[in-house]
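The figures that follow rest on heavy atoms only: side chains count, while hydrogens, waters and symmetry mates do not. Convention: sequence-line order gives letters A, B, ...; per-chain numbering from 1.
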Protein chains: 2
Amino acid sequence: MFDKDFSAGYLANHMARLFAIGLQRRIAPLNLAPAQFMTLLELWEDDGLTQAELVGRLDVEQATMANTLKRMARDGLIERKPHPKDGRAQQNWLTERARSLQEPATKAASAVNEAALAGLTQWERTALIELMRNTIANLQKTQRPS
Amino acid sequence: MFDKDFSAGYLANHMARLFAIGLQRRIAPLNLAPAQFMTLLELWEDDGLTQAELVGRLDVEQATMANTLKRMARDGLIERKPHPKDGRAQQNWLTERARSLQEPATKAASAVNEAALAGLTQWERTALIELMRNTIANLQKTQRPS
DNA sequence: TAATTATATATAGCAAGGTATATAAATGGA
DNA sequence: TCCATTTATATACCTTGCTATATATAATTA
């Protein structure tokens, strides 16, 4: 018999939904959505990345990233410019507004993490992170070797 | 500086997406989607639950459940009948087809969990589950006390 | 070089989550 | 009993994800 309350997949889904709500509520005042924040994390590190590069770094489907970038351009977070060496590609450059959001947005995300891990020891926090990373690697292994 | 590869929230989102893909691929042949499976888990236990009861058990928004139930009725998984004691409510009853999916669907879900946790010791698996349950409780605590 | 193959984006369509509203039925008080 | 409040669903609209296709530009190869 299948007990969802001890199923890794069910718990992962539930936990991710709660994290998303927590983040969404805290970055909504910045006019930012969770997937936009995730994309900004990469652009804050390396501005001007192409859609394909972002797809590789964030492990989402190309179509998903295409739509997220379209909304980000619409919301004035990025500007898309033709790639100087590849006529098919576009570079995605942060706007001043997007750059200004780095500090408040990352603080909001850290606050959610802190609230989520409240009461866990440092050892437990590290264990959770490492176990999730291990699980992610396992899942990627079984679904990619296509 | 914010490192997404060690952020509980980011990892939870990534892990949940990978679990969802794994489950979706395995239950697609049954003409079943992940949220439908999650809902069936409750109905297999207690047939005839109302929308409000399912909302409470699965911790999703009422509107989300309303749409999921609509798709399940459309797909012949449930039949909705007026509640005998409450004119506002409807009871959701499993069809024969839905009952027949219990075994293959739960086996598919168990297979995904097994693939995800491959290589982890029993102790590590239990630790991951318990840490996720703890994190879920923390997040519920901070977002509900509305 | 011409033709094929691969790569970068875009778009359509659907599921699942969420917020915000609306409506109808049930409940509780005054 | 009548009115206000609560509860059960439904719906509209938005984001995020996915699959499947289509298109244009590179790259490769015959």
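- A salt bridge does not link A:Asp75 to A:Arg97: none of the charged nitrogens lies less than 4.0 Å from a carboxylate oxygen.
- Comparing A:Asp86 and A:Met38 along DNA chain D, the residue whose closest nucleotide (by nearest heavy atom) sits nearer the 5' end is A:Met38.
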Sequence-aligned protein contact record of nucleotides 9-14 of chain C, with B where the base is within under 4.0 Å of a protein heavy atom and S where only the sugar-phosphate is: BBB---
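- Note on the helix from C:dT1-D:dA30 to C:dA30-D:dT1: terminal axis deviation equals 0°, with five pairs used at each end and the result rounded to 10°.
- Of the residues in residues 101-111 of chain B, none lies under 4.0 Å from DNA chain D by heavy-atom distance.
- Taking the side chain as every heavy atom from C-beta outward, A:Phe37 and A:Thr106 approach each other to under 4.5 Å.
- Rounding to whole angstrom units, CE of residue B:Met65 and C1' of C:dT19 are separated by 17 Å.
- When distances run from any side-chain atom of B:Glu61 to the nucleotides D:dC18, C:dG18, C:dA16, the shortest one goes to C:dG18.
- Regarding contacts with the backbone of C:dA16, every side-chain N or O of A:Arg17 stays at 4.0 angstrom or more from both OP1 and OP2.
- Side-chain contact of A:Asp47 with A:Gln91: a donor-acceptor pair under 3.5 Å is absent, judged by distance alone.
- Classification of B:Glu45 and A:Lys4 as a salt-bridged pair fails, no side-chain N sitting under 4.0 Å from a carboxylate O.
- Defined by atom type and a distance below 3.5 Å, a donor-acceptor pair is missing between the side-chain atoms of A:Glu53 and A:Asn92.
- For B:Asp46, the salt bridge (charged side-chain N to carboxylate O under 4.0 Å, His left out) criterion is met by B:Arg57, not counting sequence neighbours.
- Among residues two or more places apart in sequence or in another chain, the side chain to side chain contact (heavy atoms under 4.5 Å, CB included) test is passed with A:Asn13 by A:Arg17, B:Met38.
- Other members of the hydrophobic cluster containing A:Trp123, listed by chain and number, are B:Trp123; membership follows side-chain contacts under 4.5 Å among ILVMFWY residues, whether direct or relayed.
- No side-chain heavy atom of B:Arg26 sits less than 4.5 Å from a side-chain heavy atom of B:Lys107.
- Counting heavy atoms from C-beta on, the side chains of B:Leu101 and B:Leu77 come closer than 4.5 Å.
- Residue A:Arg25 places at least one side-chain N or O under 4.0 Å from the OP1 or OP2 atom of C:dT19.
- A:Gln62 and A:Gln51 share a side-chain donor-acceptor pair at under 3.5 Å.
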